[in-house]
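To find a chain, count down the sequence lines: A is the first, B the second, and so on, and within it residues start at 1. Values below: every heavy atom of this structure, side chains too, minus hydrogens, waters and symmetry copies.
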Protein chains: 2
Amino acid sequence: MGLQERKRQILKAIIENYIDTAEPVGSKSLTVAFDRPISSATIRNEMSELEEMGYLEKPHVSAGRVPSYAAYRLYVNELMDSAAGLTAEIDAIRMELEGKLHELDDLAYTASRVISSMTNQTTVSAVKSSGAKVQKVELIPTDNGHSYAVVLITASEVKSKMFRSYEPIDQSAVAMLSTALNLALTENRVEYLLPSIARSMGADASVFRLADAVIKFIEEVEREGDGNKVHVEGAEKLLNMREYQDASKARELMEYLSDSEKVMDMLDEAGDEPIGIKIGSELGDPRAKDASFVFTTYDIDSHTKGIIGIVAPTRMDYHRACAHLTAFKQAVRQLGSHPTDIGENDEHR
Amino acid sequence: MGLQERKRQILKAIIENYIDTAEPVGSKSLTVAFDRPISSATIRNEMSELEEMGYLEKPHVSAGRVPSYAAYRLYVNELMDSAAGLTAEIDAIRMELEGKLHELDDLAYTASRVISSMTNQTTVSAVKSSGAKVQKVELIPTDNGHSYAVVLITASEVKSKMFRSYEPIDQSAVAMLSTALNLALTENRVEYLLPSIARSMGADASVFRLADAVIKFIEEVEREGDGNKVHVEGAEKLLNMREYQDASKARELMEYLSDSEKVMDMLDEAGDEPIGIKIGSELGDPRAKDASFVFTTYDIDSHTKGIIGIVAPTRMDYHRACAHLTAFKQAVRQLGSHPTDIGENDEHR
DNA sequence: TTTTAGCACTCTTTTGTTCTGAGTGCTAAG
DNA sequence: CTTAGCACTCAGAACAAAAGAGTGCTAAAA
């Protein structure tokens, strides 16, 4: 159902104008926007057809037109100059980003801060590790004699936690426990370990309790990975936008952002496209119906994926957002693909 | 300069009324608020004196009166029913809190979420560890042969980080490095270690680099402690408040909250009072001049302090806020003072 | 001396009205 | 098919009047 070339041009101009000004655009203001000038009347005709097709709406009869959801969808799919043709700008952004993202460590957090301040928009980011397999456990005594640091190592991640016990713990029993735990890990039978420990060293209750706590921690790490926290950065920037001058509108959206596991879901669903774009109702929540989310996912390691994106009104500058995220993605790849001599990598959460 | 009893009563009534309604309160509406009824004219007289003394202001001549900064200060200092007389309510809140805060682990984050949702207000929290002394380092090889988990143990905290090296690292050299590092730690001379390592094992560049990275990490942990991140929870709740219906007002305050190291400063300054209250301009930032911050600090361990507080318009319900924070403080104390058999404790950041 | 009723006065808020301007849709001519 | 012209619509601004809330002051009552 291809749109004729001129309609596309007009629609594109309307959208970009609206993105810029947040104000309904009228036929007159468009006459200047073309090589061969067209009269406002002609544009009006086209506009009214575009309206019939569902690409434009008017807030009221004597306002200009405003792009509809369908228009934005079309815009990002077909009309927008693709990020591909933008290498120069992207390179510039990437350079700037690379200067600020030194380590994969804490990437999600840092990146959301940096991108939020570069774009002056709200960003949302999250990290999820799944299927992480704990491969090794270390029990490290601390000097006072009754606390233990427990360290788990998964494919490419360390997690640690401190446990304290009221009574001192018998050293040799802990050594045995450690061996047993690691053995159980390689054999994948951690869950059966506790009873047998109870049998073999039942006397020493404190070791048993330590074992219990450690096993719970192992299971938790394997089950939940990284805790899946979602981080919203620069929420206040939404309040700069025309469409969120109304406090209760803004509040709704912010609630959606902070409450939502939707972001995690997107990470799960995210296909292979480099940049994902969810427009308005595609976000699947009435509170976010006037917002869009442009995001990208990236791999931190084989078990850990990250997602980061920009949230803004539907009339956001998709082009710029894509550029930034593309640049980010490149910067990460470069950061990751370069296990330099001592590359610092992720940490505990 | 004690205020006569009746003036105090009237002022208190005005403040509490205003806290409740956010609307200037007039003389008439107060006549009902006393045991022995007083006429509105009398109240008007008192009010106008209170105004002269600087406790009341009027937005304009035919509105009621609004408490001034001085009034709030007086209120929290003298007028407000002290939290002490509230044990029943506090107990109830504490019970609820205890149900939700199981571990010191991640306390700052969890607590801010829980308190924000209980009070329906914005909370700010932060953790700072200072003077932490790294006492032990473990270098744990992971199976692939060229990555190392490095674990630091301070007084009561574990921190870990993964380092990768491109080439495999010689095991025995690492063992030596580990010994050297721990020795240097006990002797407090980590900073002198690197050159001597370079001398003794200069051949093996990868070990040298690992050493370098680990030492940097040690220094970073000792210097910066926990990274001092400030966490703001429930920012959107500000947008429910009358005084932040204006988006740009709200934006300013939110900017202040997320940008600010002021919270950290407060933690540093915080004296021994159980609850701190900063009203309006006391926050020392024009962006926060119409807000107040009620906060409390707590010890996670001897090197780690936390702060958590509630942010709201100056006409916030100080009483309730204090009750919640007092309850929180009690809950934490109970959590901490109870190093049960296996008490789970804090983690890496 | 203190309290209170009464009343004039002030100033915001609300409501209603008119006016203006932007932008459209339609018609008829190019 | 495009464009000029024009009547029409409607939101928002500007203005005016009315309503309402609350005060300050005065003079009488306690």
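- Distances shown here put every side-chain N or O of A/S62 at or beyond 4.0 Å from the OP1 or OP2 atom of C/dA22.
- Rounding to whole angstrom units, CG of residue B/L56 and P of D/dG22 are separated by 15 Å.
- Atom CD1 of A/I38 and atom C1' of D/dA4 are 16 Å apart (whole Å).
- Here C/dG21 presents its P atom at 13 Å from NZ of A/K28, a figure rounded to the nearest Å.
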**OP:** Show the numbers, then the answer: is there a salt bridge (charged side-chain N to carboxylate O under 4.0 Å, His left out) between B/R94 and B/D91?
**Re:** CA-CA 5 Å; B/R94 180 166 51 76; B/D91 275 5; 3.1 Å; yes
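- Between A/P24 and B/N45, the one whose closest nucleotide on DNA chain C sits nearer the 5' end is B/N45.
- In terms of phosphate contacts, B/S27 brings a side-chain nitrogen or oxygen within less than 4.0 Å of OP1 or OP2 of D/dT23.
- In this structure, A/R6 reaches the sugar-phosphate backbone alone: every heavy-atom distance under 4.0 Å involves primed, P, OP1 or OP2 atoms, never a base.
- Of the listed residues (A/V25, A/I10, A/I15, A/L50), just one forms a side chain to side chain contact (heavy atoms under 4.5 Å, CB included) with A/L56, and that residue is A/L50.
- Counting non-hydrogen atoms under 4.0 angstrom, A/A63 reaches the backbone sugars and phosphates but no base.
- Side-chain N/O atoms of B/Y318 and B/S292 include a donor and acceptor closer than 3.5 Å.
- Salt bridge annotation for A/D285-A/K278: absent, with no cationic side-chain nitrogen under 4.0 angstrom from a carboxylate oxygen.
- In this structure, A/I10 atom CD1 and C/dT24 atom P are separated by 12 Å, rounded to whole Å.
- What separates CZ of B/R44 from P of D/dA27 is a distance of 16 Å, to the nearest Å.
- Side-chain N/O atoms of B/R65 include one lying less than 4.0 angstrom from OP1 or OP2 on D/dG24.
- Comparing D/dT9, D/dA11, C/dG25 against the side chain of A/V61 picks out D/dT9 as the nearest.
- For the pair A/E23 CD and D/dA11 P, the computed distance is 16 Å after rounding to whole Å.
- Among the nucleotides D/dC6, D/dT2, D/dG24, the one closest to the side chain of A/T42 is D/dT2.
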